[in-house]
Amino acid sequence: MKTNLLEFDLDALAAFCAQLGEQRFRATQLFRWIHQRGASDFGAMSDLAKALRSKLEGCARVEALPLISEQAASDGTLKWLFDVRDGNAVEAVFIPEDDRGTLCVSSQAGCAVGCRFCSTGHQGFSRNLTAGEIVAQLWFAEHSLRKRFGTAERVITNLVMMGMGEPLQNYSALIPALRVMLDDHGYGLSRRRVTVSTSGVVPMLDRLAQDCPVALAVSLHAPNDPLRDKLVPLNRKYPIHELLQACKRYLVHAPRDFITFEYCMLDGVNDQLAQARELIDLVRGAEIRCKFNLIPFNPFPASGLLRSTQNQLLAFAKVLSDAGIVTTVRRTRGDDIDAACGQLAGDVRDRTRAALRIARQRTIELKPVA
């Protein structure tokens, strides 16, 4: 089978071209054609030698993921469903705003972490995406949006690894994909504008800090281990203290001087004002620079959970803000097409019996005892 060049960062593409007897500058030209111009036809790459184009046509391809469907929300959000073979499909979401365009990208078909409040986790896990399958979401979105909007300028300015999957559990594909996104010969995205979201895979956080530090968002969702164990099962392996220490180490290398803590607001579960004060003590005790992003929960039937009321959410935010912690409330986007945070589901051939495991968890009483 011909090699899909979307799988390669620039160094890997240079190695591929070297096997064809070509110098590195040819790989740079080819990389620009693919990622800056969105070209997939080697014949159209006019500044490449005809001999090289002929070689590429015989052994290489530039191929996007097959598109299953596209949905547009009333607020302009777009959601695409891509076929990743073997009965699996993943979703990517574009969120337009006045000053930026953000793409939310998936890293796995499903997710093995199994957070209680996440629709993807309830579907279970099938497999990791390849680097090319991750990059293909950006390649398709950027160049199809340019055509849609009639512009040659970059449309996607921000990228978040917050789609389906836990990125740090697919590390070997994540790193080359990030390098393509950041490369000035590729998409030229700023490290400050590329965010990896994680539920807290501590050893991989230390590796990311060394290999490719970008902005970091950590799914915290609880102020203590007993509650987080129930909401984010990975906490049983990497408890909060270990996670916060890893975040503190990451800050030494990070492009931003703070960590974002994501906190999904669940009615009667983690939204009490006493829990907000517990969070304050937690981050102060860890001496970690951070901001909190409070996320209104997007309900789905299998979760057995409800969204916090607006009054409770705002009161919770006020406690954090009054303590001097930068706190934002995420504006829900694309919820009318199930494109909002925690709603991405796609289609997954589950290998983990997630539905059974999470159904058993629903017998656990999560509401605080008065």
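Between Phe16 and Phe8, the angle of the ring planes lies from 30° to 60°, which puts this pair in the tilted group. Using cut-offs of 30° and 60° for the angle between ring planes, the Phe94 and Phe149 rings count as tilted.
A salt bridge does not link Arg61 to Glu7: none of the charged side-chain nitrogens sits closer than 4.0 Å to a carboxylate oxygen. The existence of a salt bridge linking Lys2 and Glu63 is excluded, since no basic side-chain nitrogen approaches an acidic carboxylate oxygen closer than 4.0 Å. By the 4.0 Å N-to-carboxylate-O rule, Lys237 lies too far from Asp229 to be salt-bridged with it. The residues Asp267 and Arg307 are annotated as not salt-bridged, no charged nitrogen and carboxylate oxygen being separated by less than 4.0 angstrom. We find that Glu287 and Lys248 are joined by a salt bridge, their nearest charged nitrogen and carboxylate oxygen being less than 4.0 Å apart.
At least one side-chain heavy atom of Val232 sits less than 4.5 Å from a side-chain heavy atom of Phe117. Arg256 places none of its side-chain heavy atoms less than 4.5 Å from the side chain of Lys291.
Under the 3.5 Å distance criterion, with hydrogens and angles disregarded, no donor-acceptor pair is assigned to the side chains of Ser219 and Glu262.
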Donor-acceptor pairs under 3.5 angstrom involving side-chain atoms of residues 179-186: please list them, not counting sequence neighbours.
| residue | atom | partner | partner atom | Å |
| --- | --- | --- | --- | --- |
| Asp183 | OD1 | His185 | N | 2.8 |
| His185 | ND1 | Arg32 | NE | 3.0 |
| His185 | ND1 | Arg32 | NH2 | 3.1 |

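Screening Ser107, Ser199, Ser197 for a side-chain hydrogen bond (donor to acceptor under 3.5 Å, both in side chains) involving Glu166 leaves a single residue, Ser199.
Glu57 pairs by the side-chain hydrogen bond (donor to acceptor under 3.5 Å, both in side chains) definition with nothing, not counting sequence neighbours.
Separation of the Phe261 and His221 ring centroids does not fall under the 6.0 Å cut-off.
Note that OH of Tyr187 is 10.5 Å distant from CG of Leu159, once rounded to the nearest 0.5 Å. With rounding to the nearest 0.5 Å, the separation of CG in Leu138 from NE2 in His35 is 8.5 Å.
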